[in-house]
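Just so we're on the same page: letters track the sequence lines, and every chain starts at 1. All figures in this text were calculated on a predicted structure; none of them were measured in a lab.
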Amino acid sequence: GAVVSQHPSWVICKSGTSVKIECRSLDFQATTMFWYRQFPKQSLMLMATSNEGSKATYEQGVEKDKFLINHASLTLSTLTVTSAHPEDSSFYICSAEQVIDGYTFGSGTRLTVV
Amino acid sequence: GENVEQHPSTLSVQEGDSAVIKCTYSDSASNYFPWYKQELGKRPQLIIDIRSNVGEKKDQRIAVTLNKTAKHFSLHITETQPEDSAVYFCAASTSSTLGRLYFGRGTQLTVWP
């Protein structure tokens, strides 16, 4: 089946630094990628929707200047958390949309900001 | 936008018993309803899904029922096993080409041996 490779699986960074998370669709073209954030014992909260070649659409309350999303190709979408702070510590996960097979999730990235 | 409610938030059952998780949705345009199982620190895994033109779907010990009129759908797990223990999420999508998913809050299922 379709695979979305997400890296890194975990990262620890210092407060104020930036972190980039990558999601690659390995055997299909991901026109649309959804980015979620999940805090412990909570549901997946959609942060933004990215479409290849256009600007991402952010959900209400999500700072677009803090969470930079780039979807420059049909196989790669990136999320950069800029000037990370401890409250940004969370599990970030991407999901690519496929008409036939539904949604394919990346393996997730555990971000810890110290 | 769509609002998906999920109950219960926690569910404990004895091995071999059945487990039922229920979800309601608000947007009658929703037409795709997947269920995901998520283990700690892992990605959600699709366990079963149903589309709005079907009332029930079964896959071995797992079944999903959909009542479009009442706008609710349920997950049924029979003959539960300890390895079924995980968090289960229901979701809904309103787009004919899938679009964004709206997730329920999740149900922590614990199966005691």
Side-chain angles (χ1 to χ4, degrees), chain A residues 1-11 21 23 25 28-51 56-62 69 89-112, chain B residues 1-11 21 23-25 27 30-52 54 57 59 64 75 85-110:
Chain A
V3 175
V4 172
S5 175
Q6 182 171 348
H7 293 282
S9 56
W10 60 271
V11 57
I21 301 169
C23 279
S25 55
F28 67 101
Q29 294 181 330
T31 307
T32 302
M33 191 76 77
F34 301 97
W35 286 93
Y36 295 89
R37 178 168 52 181
Q38 186 177 32
F39 291 108
K41 296 189 177 182
Q42 292 190 23
S43 188
L44 287 83
M45 300 301 298
L46 182 67
M47 300 175 64
T49 303
S50 72
N51 292 292
T57 302
Y58 290 81
E59 295 299 301
Q60 193 171 10
V62 178
I69 291 173
S89 298
S90 188
F91 188 62
Y92 292 86
I93 191 163
C94 60
S95 173
E97 173 188 278
Q98 284 195 284
V99 176
I100 297 176
D101 295 332
Y103 302 85
T104 302
F105 285 88
S107 54
T109 297
R110 173 71 59 193
L111 170 63
T112 302
Chain B
E2 172 69 281
N3 182 43
V4 178
E5 300 281 346
Q6 181 172 348
H7 298 280
S9 57
T10 61
L11 179 61
I21 303 171
C23 287
T24 61
Y25 60 99
D27 191 338
S30 289
N31 54 17
Y32 176 67
F33 307 92
W35 285 90
Y36 293 93
K37 175 183 180 182
Q38 187 180 32
E39 297 176 344
L40 192 62
K42 301 286 182 64
R43 78 185 85 194
Q45 287 188 307
L46 178 70
I47 55 171
I48 196 166
D49 58 9
I50 192 168
R51 296 187 183 271
S52 59
V54 176
K57 185 176 178 181
D59 183 4
V64 56
L75 176 71
S85 297
V87 179
Y88 291 80
F89 292 98
C90 64
S93 174
T94 59
S95 169
S96 59
T97 55
L98 297 181
R100 65 163 293 177
L101 277 173
Y102 294 83
F103 283 90
R105 288 182 170 268
T107 297
Q108 173 67 60
L109 173 65
T110 303

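Side-chain contact check for B/Arg43 versus A/Val4: every heavy-atom pair is 4.5 Å or farther apart. Residues B/Leu101 and A/Ser95 have side chains not in contact (no heavy-atom distance under 4.5 Å, counting atoms from C-beta outward).
Annotation: side-chain hydrogen bond (donor to acceptor under 3.5 Å, both in side chains) contacts of B/His7 (sequence neighbours excluded): none.
Contact of A/Phe105 with chain B is made through backbone and side chain together, with heavy-atom distances under 4.5 Å. Only the side chain of B/Tyr36 has a heavy atom closer than 4.5 Å to any heavy atom of chain A. Of the atoms belonging to B/Pro44, heavy atoms from both backbone and side chain fall under 4.5 Å from chain A. Contacts of A/Gln60 with chain B are absent, with no heavy-atom separation under 4.5 Å from either backbone or side chain. Using a 4.5 Å cut-off between heavy atoms, A/Ile93 touches chain B through its side chain atoms alone. Residue contact with chain A, scored on non-hydrogen atoms closer than 4.5 Å, involves the side chain of B/Phe89 exclusively. If you measure heavy-atom distances from B/Gln38 to chain A, the contacts under 4.5 Å come from the side chain alone.
Note on A/Pro40, A/Gly108, A/Gly106, A/Ser9: by heavy-atom pairs under 4.5 Å with chain B, the leading option is A/Gly106. In terms of heavy-atom pairs under 4.5 angstrom with chain A, the leader among B/Ser9, B/Gly41, B/Gly106 is B/Gly41. Interface check for chain B: of the options A/Gln6, A/Gln38, A/Gln42, the most heavy-atom pairs under 4.5 Å are formed by A/Gln38.
A donor-acceptor contact shorter than 3.5 Å links the side chain of A/Ser43 to the backbone of B/Gly104.
The number of heavy atoms from other shown groups lying within 6.0 Å of CD (B/Gln45) does not exceed 12.
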Donor-acceptor list for residues 29-37 of chain A side chains, cut-off 3.5 Å, not counting sequence neighbours:
{"from": "A/Thr32", "atom 1": "OG1", "to": "A/Asn51", "atom 2": "OD1", "distance (Å)": "2.7"}
{"from": "A/Trp35", "atom 1": "NE1", "to": "A/Ser77", "atom 2": "OG", "distance (Å)": "3.1"}

